[in-house]
Protein chains: 2
Amino acid sequence: MNHVKEYRQQRGLSQLKLAQAVGVARQTINLIENDKYNPSLKLCLGLAKTLGTDLNSLFWEE
Amino acid sequence: MNHVKEYRQQRGLSQLKLAQAVGVARQTINLIENDKYNPSLKLCLGLAKTLGTDLNSLFWEE
DNA sequence: TAAAGATGTCAATTATAAGTGACATTTCGA
DNA sequence: TCGAAATGTCACTTATAATTGACATCTTTA
């Protein structure tokens, strides 16, 4: 479980807009939000910066 | 730049010991420490937990 | 000063992240 | 309530993370 979807929606972005901002395909965002796979660190950093947050807020549990 | 090497040395672990603890090859740790590639989120989480820290401490800049 | 441990790096292979195109369903504003 | 936007998912391909084995160099320590 991660918090990408929550942060994306708070920012009023669609999966497509977020994908374009980060430079990946829309499907990649969809898969990450639904925990279907394991993104790279570079992509996690891009998501955190684009969403105005940090790695722990998006991906750290406990 | 990341802080894996600093945390590993603080814990008194070799690259090999850390690799075994996290479940990857020694070369993988070496490449990450020298910024030769882009680890997966799952591996970053494993490193953070094994080293008793979190994602931001190891991988977040600024 | 020899030997063992630790590190950096290479080549080749395997596993999987990520891309592309497409289609069905759901959501939401005109 | 119709149509467009948004989302979830499929199959297939491409890029690259990660593995394995090997070897050279550099540190330590016996």
Side-chain angles (χ1 to χ4, degrees):
Chain A
M1 273 300 118
N2 64 64
H3 303 115
V4 172
K5 184 172 190 172
E6 301 158 42
Y7 278 83
R8 175 176 63 77
Q9 291 181 332
Q10 282 173 13
R11 303 299 184 271
L13 295 171
S14 66
Q15 291 180 348
L16 178 60
K17 288 288 183 190
L18 178 56
Q20 290 171 337
V22 167
V24 296
R26 179 182 66 81
Q27 287 85 335
T28 300
I29 302 297
N30 189 290
L31 290 167
I32 292 168
E33 288 189 353
N34 293 295
D35 277 309
K36 294 295 176 58
Y37 67 35
N38 186 16
S40 71
L41 174 60
K42 190 193 297 187
L43 177 46
C44 294
L45 290 167
L47 288 168
K49 287 177 184 167
T50 298
L51 293 173
T53 182
D54 56 55
L55 290 174
N56 283 355
S57 298
L58 286 182
F59 300 107
W60 189 251
E61 302 293 337
E62 158 233 20
Chain B
M1 272 300 115
N2 63 66
H3 303 115
V4 173
K5 184 172 190 171
E6 301 157 43
Y7 277 83
R8 176 176 63 76
Q9 291 180 332
Q10 281 172 13
R11 303 298 185 271
L13 295 171
S14 66
Q15 292 180 347
L16 178 59
K17 288 287 182 191
L18 178 55
Q20 290 171 337
V22 169
V24 296
R26 180 181 67 80
Q27 287 86 335
T28 299
I29 302 297
N30 189 290
L31 290 167
I32 292 168
E33 287 189 354
N34 292 295
D35 277 309
K36 294 296 176 56
Y37 69 33
N38 188 16
S40 70
L41 174 59
K42 190 192 301 186
L43 176 46
C44 294
L45 290 167
L47 288 169
K49 287 176 185 168
T50 298
L51 293 173
T53 182
D54 56 54
L55 289 174
N56 282 356
S57 298
L58 287 181
F59 300 107
W60 189 252
E61 303 293 338
E62 158 228 21

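Below, chains carry the letters A, B, ... as their sequence lines are ordered, and counting in each starts from 1. The analysis underlying the following values was restricted to heavy atoms, covering all of them including side chains, and did not include hydrogens, waters or symmetry mates.
A heavy atom closer than 4.0 Å to some atom of DNA chain C occurs in B/Asn34, B/Lys36, these being the qualifying members of residues 32-58 of chain B. Against DNA chain C, the stretch residues 10-23 of chain A makes heavy-atom approaches under 4.0 Å through A/Gly23.
A/Leu47 places a side-chain heavy atom less than 4.5 Å from the side chain of A/Leu18. Looking only at side-chain heavy atoms (C-beta outward), B/Arg8 and B/Glu33 come within less than 4.5 Å of each other. Side-chain contact check for A/Leu41 versus B/Leu55: every heavy-atom pair is 4.5 Å or farther apart. No side-chain heavy atom of A/Phe59 sits under 4.5 Å from any side-chain heavy atom of B/Cys44.
In this structure, CD in A/Gln27 is found 9.5 Å from CG in A/Leu16, a value given to the nearest 0.5 Å. With values rounded to the nearest 0.5 angstrom, A/Gln20 atom CD is found 10.5 Å from A/Ile29 atom CD1.
A/Arg26 places no side-chain N or O within 3.5 Å of a backbone atom of A/Gln15 that could act as its donor or acceptor partner. At least one donor-acceptor pair under 3.5 Å links the side chain of A/Asn38 to the backbone N or O of B/Lys42. A/Asn34 places no side-chain N or O within donor-acceptor distance of the main-chain N or O of A/Lys36, the cut-off being under 3.5 Å. Between the side chain of B/Asn2 and the backbone N or O of B/Leu58 there is no donor-acceptor pair closer than 3.5 Å.
An OP1 or OP2 oxygen of D/dG8 is reached within less than 4.0 angstrom by a side-chain nitrogen or oxygen of A/Lys5.
End-to-end axis angle of the helix from C/dT1-D/dA30 to C/dA30-D/dT1, from C1' rotation axes over five pairs per end: 50° (rounded to 10 degrees).
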(request) Quick one, give me the B/S/- string for nucleotides 20-30 of chain D, reading 5' to 3', where B means a protein heavy atom under 4.0 Å from the base and S means that only happens at the primed atoms, P, OP1 or OP2. (result) BBB--------
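Considering every non-hydrogen atom in both B/Ser57 and B/Thr53, the closest pair reads CB-OG1, 3.1 Å.
With sequence neighbours left out, the side chain to side chain contact (heavy atoms under 4.5 Å, CB included) criterion links A/Lys49 to B/Trp60.
Paired with B/Thr28 under the rule side-chain contact (heavy atoms from CB on, under 4.5 Å), one option of B/Ile32, B/Leu31, B/Asn30 passes, and it is B/Ile32.
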Measure all distances between protein nitrogen or oxygen atoms and nitrogen or oxygen atoms of nucleotides 3-5 of chain C, and list the pairs falling under 3.5 Å.
none

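If you measure from atom CG of A/Asn30 to atom C1' of C/dA22, you get 15 Å, rounded to the nearest angstrom.
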